[in-house]
Chemist: 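One structure, as structure tokens, below. Some questions next.
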Amino acid sequence: FFDRKDRMNYNLMKTDIREDENSYLLEVDLPGYSKDDIKIDITDGYLTINAKVEKENNDEKKNYVRRERFTGEVSRSFYVGDDIKEDEVKANFKNGILTLEVPKLSLEDKKKDKKYIEISE
């Protein structure tokens, strides 16, 4: 797995990646987000996780000494290869942890999809 790192997002989307025989398992910390705040897509071989949270700003009259809760949008991308499609990835979100299961493609799977160019005489 190749990760496109962004320092700010890296601190907000801590990710563990495990490997088993048939897949890669990603566990992404997203505390404070709901399932509806998260969008996942695959484009050009990159699996991208976008998470957006907006808090209502009714606190204008409150005098905060310090505010550390994040409001806004974060994103993180991982290169998974051009052969992985969205419907092959399984996603689950529970207790602030997004779990993704990305299948590994075996050499046999890659050979099945391989198309050859016919050579004419």
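Values in this document were obtained by computation on a predicted structure and should not be read as measured data.
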Chemist: Please say which of Leu26, Ile17, Leu25 ends up in a side chain to side chain contact (heavy atoms under 4.5 Å, CB included) with Val102.
Modeler: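 Exactly one option meets the side chain to side chain contact (heavy atoms under 4.5 Å, CB included) with Val102, and it is Leu26.
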Chemist: Do you know which two heavy atoms are closest between Ile49 and Phe78, and how far apart they sit?
Modeler: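 Heavy atoms only, the tightest pair is CD1-CE1, 4.2 Å.
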Chemist: Quick check for you: to the nearest 0.5 Å, what is the distance between Leu30 atom CG and Ile38 atom CD1?
Modeler: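 Leu30 CG to Ile38 CD1: 4.5 Å, rounded to 0.5 Å.
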Chemist: Of all heavy-atom pairs between Tyr33 and Val74, which one has the smallest distance, and what is that distance?
Modeler: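 Residues Tyr33 and Val74, closest heavy atoms: OH-CG2, 3.6 Å.
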Chemist: Out of curiosity, Leu47 CG to Tyr24 OH, how far, rounded to the nearest 0.5 Å?
Modeler: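 Answer rounded to 0.5 Å: 13.5 Å.
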Chemist: Output all residues satisfying salt bridge (charged side-chain N to carboxylate O under 4.0 Å, His left out) with Glu88, sequence neighbours left out; order by chain, then residue number.
Modeler: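 With neighbours one apart ignored, the set is empty.
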Chemist: Are side-chain heavy atoms of Val89 and Ile84 found at a separation under 4.5 Å?
Modeler: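 Touching, per the 4.5 Å side-chain cut-off.
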Chemist: What's the separation between atom CD in Glu101 and atom CG in Asp20, rounded to the nearest 0.5 Å?
Modeler: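 Separation between the atoms: 6.5 Å.
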Chemist: Give me the atom names and distance for the closest heavy-atom approach of Lys104 to Glu19.
Modeler: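 Closest pair (atom of Lys104, atom of Glu19, distance): NZ-OE2, 2.5 Å.
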Chemist: Any chance the side chains of Ser75 and Asn50 put a donor and an acceptor closer than 3.5 Å?
Modeler: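 Note: Ser75 and Asn50 side chains meet the donor-acceptor criterion.
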Chemist: Listed by chain and number, what are the side-chain hydrogen bond (donor to acceptor under 3.5 Å, both in side chains) partners of Thr99, not counting sequence neighbours?
Modeler: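 Here no residue qualifies.
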Chemist: In Å, rounded to the nearest 0.5 Å, how long is the span from CD1 of Ile97 to OG1 of Thr15?
Modeler: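 The CD1 atom of Ile97 sits 11.0 Å away from the OG1 atom of Thr15.
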Chemist: Can you name the nearest heavy-atom pair linking Gly45 to Tyr79, along with the distance?
Modeler: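 Looking at all heavy atoms of both residues, the closest pair is O-CD1, 3.4 Å.
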Chemist: Can you check whether Pro103's main-chain N or O pairs, donor with acceptor, with Lys90's side chain at less than 3.5 Å?
Modeler: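 The answer is no, because no donor-acceptor pair under 3.5 Å joins these two groups.
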Chemist: Which atoms form the tightest heavy-atom contact between Glu86 and Ile42, and what is the distance?
Modeler: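 Shortest heavy-atom separation between Glu86 and Ile42 comes out as OE2-O, 2.9 Å.
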Chemist: To the nearest 0.5 angstrom, please state how far the CD atom of Glu27 sits from the CG atom of Asn92.
Modeler: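 CG of Asn92 is found 10.5 Å from CD of Glu27.
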Chemist: Is there a donor in the side chain of Ser34 and an acceptor in the side chain of Asp36, or the other way round, less than 3.5 Å apart?
Modeler: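 The answer is no; no qualifying pair exists.
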